[in-house]
Amino acid sequence: MLLKIESVTKKFGGLSAVSDVSLEVEQGTILGLIGPNGAGKTTLFNCINGTLAITEGKIIFDGVDISSKKSYEIAKLGIARSYQIVQPFGNMTTLQNAMVGGFCKTKIYKEAEEIALRSLELVHLDHKKDIIAKHLNLGERKKLEIAKALSTQPKLLLLDEVMAGLTPIEVQEMVRIIHSINASGVTLIIIEHIMEAIMSLSKRIIVLNFGKKIMEGSPEDVSNSQQVIEAYFGVEEEELDA
Amino acid sequence: MIKKLIVKQNSVLWIIAVGIIIVPFILPNRYFQDIAVMTFLWAGLATSWNLYSGYCNRLSIGHAAFMGIGAYTSTLLYLNFGISPWIGMLAGGALSALTALLIGGITLRLKGTFFVLSTIAFGEILKVMTITSTEVTSGALGLMIPFQPGFANMIWTGKIPYAILAWIYMLVALFISVKLEKSKLGYSLIALGENQEAAENLGVNSTKTMMTAFILSAVLTSFGGTIFSQYIMFIEPTSVMGLSTSINFILLAIAGGLGTAFGPMVGSFILTPVSNLLRGYLAGISGLHGFILGMILIIILLYRPDGILPQLKLLSKRILQKLDKPKKGE
């Protein structure tokens, strides 16, 4: 197991954004993470990569307990993430953005540059390497998010809605990019709302709702599950009870 | 292509930075030579300030405190123990590094306005401490350095040796800045300044990065303080530690181009002579030079908020591209 999450809970005051979630990710796979808005998907990412400290539970990555490690330490161990709301370093060029990640595992300028160029190639952004990041369009910024994360040479990559807001053609390209990242040996967890895309990418999907894991299984199981449909569309009786 | 131009632009700036040393030699008298010394010195100081605050986008408004530590350490060692200011300069640097470590440990974790306010507090506390500990520093009266020319005393009769010293100081600060821009530290620092959380997620250790740059900046600023005190030969708390001194670092850096290696130098090359000449020639109406200087700054900040240097770079790039095009057509 590359990543093992054992009954992780994250509380904000009285509210449990993530409650008692356990999951395992095997080396080389793509795990899909879905759920309605506010289900706790992004919070779970924040817990895994150390942006947020978890309230309870344990996260084990590659045999190391990372539950209380800081995000830069976790990045060095090999977990990278992209943000749903893109966070480019606006005044740096595309290449320089990726190089910040490139310096994660090396101190040598040339090496960092090579690593960064390779990740830009992987996401088809190498032709924009000298453009200042704030001048990129949304699709390119989403790719840059991935390139930055890839430049840290991660074992596990967390992608948070990298396809949201993209055109269907861009989505297709992104699916190919994710496949090629996976083929290069990186394990992925992806949060996505575009079901078509997630179904074509991952063999296993986990569904979160109100911070709890309500379902785990193959794309077919998930899409046919009454529970999942209820989570997304709600049920009248339940609404009345509430 | 674009990269080549940028490399070229940097070498143009290097040529200016190195070549400028001719200026004090051809200036007619001590008055103008004095302006040259101050221009180089302020360029060095503003570049040192820029190392942390400019690249990391976090304004340290108490930075003159480090200049004061440099000035007072070397002067006190010289006056009381006869220790050469050259050694005093290193001692001041060491003391500044220690102070930066201590202050940085407390304040660097603060964000935005809170960091800025804490640096003001730090600068003012140190100034007040210097004023009140009269038995050591002679307080607000200041310290006079006796005129004993000699290399070991870092005191010379003419202005030229000072100009060379200040110029070397400026070049050292520039060299470090350029190196920084091409290093892991520099990339981490700029990324942190833009977005701390995103930078940390890419493996940037923010505490270590900021601390390293802060100490580097403090030590270099302190060296400038020693040179300043040996040049003026009189120091008092307000002139070397006051808020207005800190603000001068910031103004030069912002006017020239915040977070660029050569920006603060360009800022000083333009503003320091202008401010000194205005003061000299408009002495008739008191305060007029300040008014005009303020207007110049407002105009720069209003129309070129990036600073002068980035605009010059953009302009030269456009001109070069225009010059390139017809050649391709031929």
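Throughout, protein chains are lettered first and strands after them, A, B, ... in sequence-line order, and every chain is numbered starting at 1.
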Practice prompt. Go through A:Tyr109 and B:Lys184 one step at a time and tell me if the side chain to side chain contact (heavy atoms under 4.5 Å, CB included) criterion holds.
Written response: CA-CA 7 Å; A:Tyr109 184 84; B:Lys184 177 176 179 169; over 6 Å; no

Item to complete: Check the pair B:Val204 / A:Tyr72 against side chain to side chain contact (heavy atoms under 4.5 Å, CB included), numbers first and verdict last.
Response: CA-CA 6 Å; B:Val204 173; A:Tyr72 75 88; 5.7 Å; no

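When heavy atoms are compared at a cutoff of 4.5 Å, A:Thr93 does not approach chain B at all.
Within 6.0 Å of atom CD in A:Glu121, more than 12 heavy atoms from other residues, nucleotides or ligands are found, so the atom counts as buried in its surroundings. Heavy atoms of other residues, nucleotides or ligands lying less than 6.0 angstrom from CD1 of A:Ile85 number 12 at most. Heavy atoms from other residues, nucleotides or ligands lying under 6.0 Å from CZ of B:Phe114 number 12 at most.
With contacts defined as side-chain heavy-atom distances shorter than 4.5 Å, the pair A:Cys104/B:Leu202 does not qualify. Using a 4.5 Å cut-off on side-chain heavy atoms (C-beta onward), B:Asn195 and A:Phe89 make contact. B:Tyr187 is listed as a side-chain neighbour of A:Val100, based on a closest heavy-atom distance under 4.5 Å.
Nearest heavy-atom pair across A:Lys76 and B:Gly203 is NZ-O, 2.9 Å. Between B:Glu200 and A:Ala75 the shortest heavy-atom distance is O-CB, 4.3 Å.
A side-chain donor-acceptor contact under 3.5 Å links B:Glu194 to the backbone of A:Asn91.
The greatest number of non-hydrogen atom pairs below 4.5 Å with chain B, out of A:Lys105, A:Lys107, A:Met99, is found for A:Met99.
The distance from atom CG of B:Asn201 to atom CD of A:Gln87, rounded to the nearest 0.5 Å, is 9.0 Å.
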